[in-house]
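On a predicted model such as this, the values are computed, not experimentally measured, just so you know.
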Amino acid sequence: MSFITDPLVYYPISGILWFWHKIFAFLGGLLPWVRSPDSNGVIWALSVIFLVVTLRVILFWPAAKQIRFSRKMQEMQPKMKALQKRYKNDREKLAMETRKLQKQEGFNPVLGCLPMFIQIPVFLGLFHVLRSFNRMGEAFGQLGMTAEETRNTGNYVFNADEVQSFLDARLFGAPLSSFISQAEEQFQAFVAPGMAIDFERWHIWVVAIPLMIISAVTTHLNARISLSRQSAEAAANPQAKIMNQLMLWAFPIGILVTGAFWPLAILVYMVTNNLWTLGQQYFLFEQMAKEDNEAARERRAYQESLAPKVGVKPANPKKGRGTGSRGAVAVAPATEGVMSEGADDEVTPSTVEGRPGGSSETTDEPSAPAGRRKRNRSKNRKAASADAEKGAPGAKPTAGAADTSSSGSDAAATSFPATPSPGTPSPSSAGPAPGATPRPGQRPQGSGRQRSRPAQKKGGGKGKGKKKKR
């Protein structure tokens with residue numbers, strides 16, 4: 001794997017550390033109180049800190065995508081559970097509906113996990129580069145070299161002289177590559193061959209313990225902040241509960257226990273990384289909170305735009321669609337005497353008898369069109385003539401009908417003198433003259449004032465009622 005990790009991970013990371021060391025060593029050389037800046041412990045510590053900052057800036061976008069991925073996954077959990085419950089016996093259908101839901105929500109699990117896959121090798125490479133300055137140990141990644149071999153072996157971009165400057169650096173009296181549980185025979189790597197060791201183990205304790213505590217506390221705070229954004233449904237999951245407890249307590253305690261085996265440079269890296277993560281989470285969560293607030297304000301503004309204004313009656317466009325046509329149809333017969341479409345009957349204001357404003361008086365004939373009056377008179381005259389030919393007693397055409405048929409003028413029509421008996425409907429067709437014997441199927445026609453039927457709406461039944469002339 002070295003042919004992949006060396007050019008892609010280890011050399012780039014060691015190059016970034018080398019760059020910052022040269023920058024700070026140059027700046028330290030400008031300060032009169034800084035002695036031997038190339039092997040100064042503070043300058044090397046600053047180089048490690050800015051190495052972490054540089055890597056975290058490069059990984060900021062993947063980290064932001066990962067946080068948004070986790071949040072989106074939590075929002076989709078209720079829908080995912082509904083699909084699992086619905087298609088619990090059909091795995092193929094469940095997989096298809098899951099992919100469909102992810103496409104609708106714009107959720108890509110591969111892109112969501114990609115940031116984590118990028119960060120893991122970077123941090124492992126950083127850990128390896130920092131530990132490779134001292135290779136005297138027998139642990140994984142160390143070659144079990146002697147002190148002299150370690151001081152004369154390069155570390156990727158760093159040559160042997162630069163490795164020696166790192167081993168000679170002291171941070172508050174302790175070497176950056178030393179750790180609490182390190183064997184004393186390995187201390188020889190931190191001094192030139194034949195030189196006496198210039199530090200003791202308690203120097204390492206004094207520097208390492210505060211770094212371990214700060215690292216554990218910041219790890220706990222990062223976990224608490226991250227879990228505070230977790231939904232209640234996700235937190236109720238048994239597996240999520242176990243993982244939450246591990247993040248809150250097991251990982252910080254693990255740092256305190258295993259910190260005795262980590263070099264001081266690694267502890268500096270961990271503290272810097274945790275502090276960066278703390279600030280990054282605060283920044284990203286604040287940005288997402290602002291986005292949520294902005295989206296909520298837009299939704300409220302849209303809802304308020306739909307609400308009626310104060311003092312203005314809300315308009316209902318659906319209510320007024322058919323009002324005009326229905327109103328025109330209902331009012332026209334009562335006010336203008338319009339006939340129903342396709343009917344041969346004459347409908348006049350007399351047809352509104354019994355309604356408010358209606359009259360029981362029969363209106364004059366001139367209120368109807370002249371052609372229609374002429375047809376009505378012709379029908380009445382033919383009916384009367386047919387009764388007279390059959391020898392019906394009292395059957396004779398009305399004088400009004402005869403007069404109007406002969407003249408064809410717009411004379412006023414008169415009503416019959418007698419009042420119809422109760423229950424007798426208004427004439428629906430041309431009937432016999434008053435006093436004449438009715439034809440088969442025809443009710444006897446009395447004289448007098450006639451009751452009119454209610455006005456029909458447009459498009460209704462085709463009535464045949466007609467007025468009688470006197």
Asker: Could you give all pairs that pass the ring pair (Phe, Tyr, Trp, His ring centres under 6.0 Å) test and reach residues 262-301, with sequence neighbours left out?
Answerer: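 Checked against ring pair (Phe, Tyr, Trp, His ring centres under 6.0 Å) - neighbours excluded - no pair reaches residues 262-301.
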
Asker: Using a 4.5 Å cut-off on heavy atoms from C-beta on, say whether the side chain of Asn134 contacts that of Met145.
Answerer: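 Not in contact.
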
Asker: Provide the closest heavy-atom pair for Ser14 versus Val157 in the form atom of the first, atom of the second, distance.
Answerer: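 Heavy atoms only, the tightest pair is OG-CG2, 3.2 Å.
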
Asker: Calculate, to the nearest 0.5 Å, the distance between atoms CZ and OG1 belonging to Phe179 and Thr258 respectively.
Answerer: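 That separation rounds to 12.5 Å.
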
Asker: Which residues pass the side-chain contact (heavy atoms from CB on, under 4.5 Å) test with Glu185, not counting sequence neighbours?
Answerer: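 For Glu185, the residues satisfying side-chain contact (heavy atoms from CB on, under 4.5 Å) (neighbours in sequence not counted) are Ala183.
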
Asker: Test of understanding: with side-chain contact (heavy atoms from CB on, under 4.5 Å), list the residues that count as partners of Asn40, not counting sequence neighbours.
Answerer: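 Val34, Val42, Ile43.
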
Asker: Check the surroundings of atom CD in Glu184: do more than 12 heavy atoms from other residues, nucleotides or ligands lie under 6.0 Å from it?
Answerer: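 Counting neighbours around CD of Glu184, 12 or fewer heavy atoms of other residues, nucleotides or ligands fall under 6.0 Å, so no.
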
Asker: Nearest 0.5 Å please: distance from the CD atom of Glu162 over to the OG atom of Ser39.
Answerer: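 Result: 12.5 Å between the selected atoms.
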
Asker: Ignoring hydrogens and geometry, is there a side-chain-to-backbone donor-acceptor pair from Arg135 to Ser132 under 3.5 Å?
Answerer: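 At least one qualifying donor-acceptor pair exists.
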
Asker: Decide side chain to side chain donor-acceptor pair (under 3.5 Å) for Asn222 and Thr277; before the verdict, give the C-alpha distance in whole Å, the side-chain angles of both, and the deciding distance to 0.1 Å.
Answerer: CA-CA 7 Å; Asn222 285 328; Thr277 303; 4.7 Å; no

Asker: With sequence neighbours left out, write down each residue that passes side chain to side chain donor-acceptor pair (under 3.5 Å) with Lys81, or none if nothing qualifies.
Answerer: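 With neighbours one apart ignored, the set is empty.
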
Asker: Looking at every heavy atom in both Val207 and Phe172, which two are closest together, and how far apart are they?
Answerer: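 So the minimum-distance heavy-atom pair works out to CG2-CB, 3.9 Å.
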
Asker: Identify, with sequence neighbours excluded, every residue that meets side chain to side chain donor-acceptor pair (under 3.5 Å) alongside Arg297.
Answerer: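 Partners of Arg297 by the side chain to side chain donor-acceptor pair (under 3.5 Å) criterion, ordered by chain and then number, come out as Glu294.
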
Asker: Give me the atom names and distance for the closest heavy-atom approach of Val163 to Thr150.
Answerer: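 That would be CG1-O, 3.8 Å.
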
Asker: Counting heavy atoms not belonging to Glu92, are there more than 12 under 6.0 Å from its CD?
Answerer: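 Incorrect, the count does not exceed 12.
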
Asker: Could you list the residues that satisfy side chain to side chain donor-acceptor pair (under 3.5 Å) with Ser177, not counting sequence neighbours?
Answerer: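 Partners of Ser177 by the side chain to side chain donor-acceptor pair (under 3.5 Å) criterion come out as none, since no residue qualifies.
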
Asker: Once side-chain contact (heavy atoms from CB on, under 4.5 Å) is applied, do any residues pair with Tyr10, and if so which ones, sequence neighbours excluded?
Answerer: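 Only Thr5, Asp6, His128, Val129, Tyr156 meet the side-chain contact (heavy atoms from CB on, under 4.5 Å) criterion with Tyr10.
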
Asker: Give a yes or no on whether a salt bridge exists between Glu97 and Arg86, defined as a side-chain N under 4.0 angstrom from a carboxylate O.
Answerer: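 A salt bridge is absent here (no side-chain N lies under 4.0 Å from a carboxylate O).
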
Asker: Considering residues at least two apart in sequence or located in another chain, which fulfil the side chain to side chain donor-acceptor pair (under 3.5 Å) criterion with Asp292?
Answerer: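 Side chain to side chain donor-acceptor pair (under 3.5 Å) list for Asp292, sorted by chain: Arg71.
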
Asker: Any Lys/Arg nitrogen of Glu105 or Lys100 sitting under 4.0 Å from an Asp/Glu carboxylate oxygen of the other?
Answerer: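 Judged by the 4.0 Å cut-off on N to carboxylate O distance, Glu105 and Lys100 do not form a salt bridge.
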
Asker: Nearest 0.5 Å, please: how far is CD1 in Ile49 from CG in Asn273?
Answerer: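 Rounded to the nearest 0.5 Å, the CG-CD1 separation comes out at 12.0 Å.
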
Asker: Determine whether Gln239 and Met243 make a side-chain contact, defined as any pair of heavy atoms from C-beta on separated by less than 4.5 Å.
Answerer: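 Of all side-chain heavy-atom pairs linking Met243 with Gln239, none is under 4.5 Å.
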
Asker: Quick one: which residue pairs count as a ring pair (Phe, Tyr, Trp, His ring centres under 6.0 Å) with a foot in residues 208-243, not counting sequence neighbours?
Answerer: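 Applying ring pair (Phe, Tyr, Trp, His ring centres under 6.0 Å) to every pair that reaches into residues 208-243, excluding sequence neighbours, yields His220-Trp249.
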
Asker: Write down the atom of Pro37, the atom of Gly28, and the distance for their closest heavy-atom approach.
Answerer: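 The pair with the smallest heavy-atom distance is CB-C, 4.2 Å.
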
Asker: Does the gap between the ring centers of Phe50 and Phe19 come in under 6.0 Å?
Answerer: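 No: the rings miss the under 6.0 Å criterion.
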
Asker: Can you see which heavy atom on Ile13 is nearest to which on Leu126, and at what distance?
Answerer: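 In this case the closest contact between Ile13 and Leu126 is CD1-N, 3.5 Å.
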
Asker: Using the side-chain hydrogen bond (donor to acceptor under 3.5 Å, both in side chains) rule, collect all pairs that involve residues 166-176, keeping only residues at least two apart or in two chains.
Answerer: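 Non-adjacent pairs meeting side-chain hydrogen bond (donor to acceptor under 3.5 Å, both in side chains): Arg151-Asp168, Arg170-Asp198.
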
Asker: For the residue pair Phe166 and Phe133, is the inter-centroid distance of their aromatic rings smaller than 6.0 Å?
Answerer: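 Yes - the distance between ring centres of Phe166 and Phe133 falls below the 6.0 Å cut-off.
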
Asker: State which residues pass side-chain contact (heavy atoms from CB on, under 4.5 Å) with Leu275; sequence neighbours excluded, sorted by chain then number.
Answerer: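 Residues passing side-chain contact (heavy atoms from CB on, under 4.5 Å) with Leu275: Thr218, Val271.
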
Asker: Can you name the residues that form a ring pair (Phe, Tyr, Trp, His ring centres under 6.0 Å) with Phe127, not counting sequence neighbours?
Answerer: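 For Phe127, no residue satisfies ring pair (Phe, Tyr, Trp, His ring centres under 6.0 Å) once neighbours in sequence are set aside.
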
Asker: Check this for me: Glu148, atom CD, are more than 12 non-hydrogen atoms of other residues, nucleotides or ligands nearer than 6.0 Å?
Answerer: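 Count not over threshold, so no.
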
Asker: Measuring from atom CZ of Arg229 to atom CD of Gln281, what distance do you get when rounded to the nearest 0.5 angstrom?
Answerer: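 Here the interatomic distance stands at 9.5 Å.
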
Asker: As an exercise, state the distance from OG1 of Thr98 to CG of Leu94, rounded to the nearest 0.5 Å.
Answerer: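 The distance works out to 4.0 Å.
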
Asker: Hey, does Met136 have a side-chain heavy atom less than 4.5 Å from the side chain of Thr146?
Answerer: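 Not touching, per the 4.5 Å side-chain cut-off.
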
Asker: Mark yes or no for whether Ser305, through its side chain, and Tyr302, through its backbone, hold a donor-acceptor pair below 3.5 Å.
Answerer: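 A pair under 3.5 Å: yes.
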
Asker: Go through it in stages, so that I can follow the logic: the residues are Val48 and Thr272, the test is side-chain contact (heavy atoms from CB on, under 4.5 Å), and I'd like the CA-CA distance, side-chain angles, deciding distance and then a yes or no.
Answerer: CA-CA 9 Å; Val48 173; Thr272 307; 6.0 Å; no

Asker: Say you draw a straight line from CD1 of Ile253 to CG of Leu246; how long is it, rounded to the nearest 0.5 Å?
Answerer: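 One finds 10.5 Å between CD1 of Ile253 and CG of Leu246.
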
Asker: Measure the acute angle between the ring planes of Trp44 and His21, then classify it against the limits of 30° and 60° as parallel, tilted or perpendicular.
Answerer: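 Taking His21 first and then Trp44, their aromatic rings lie parallel (interplane angle under 30°).
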
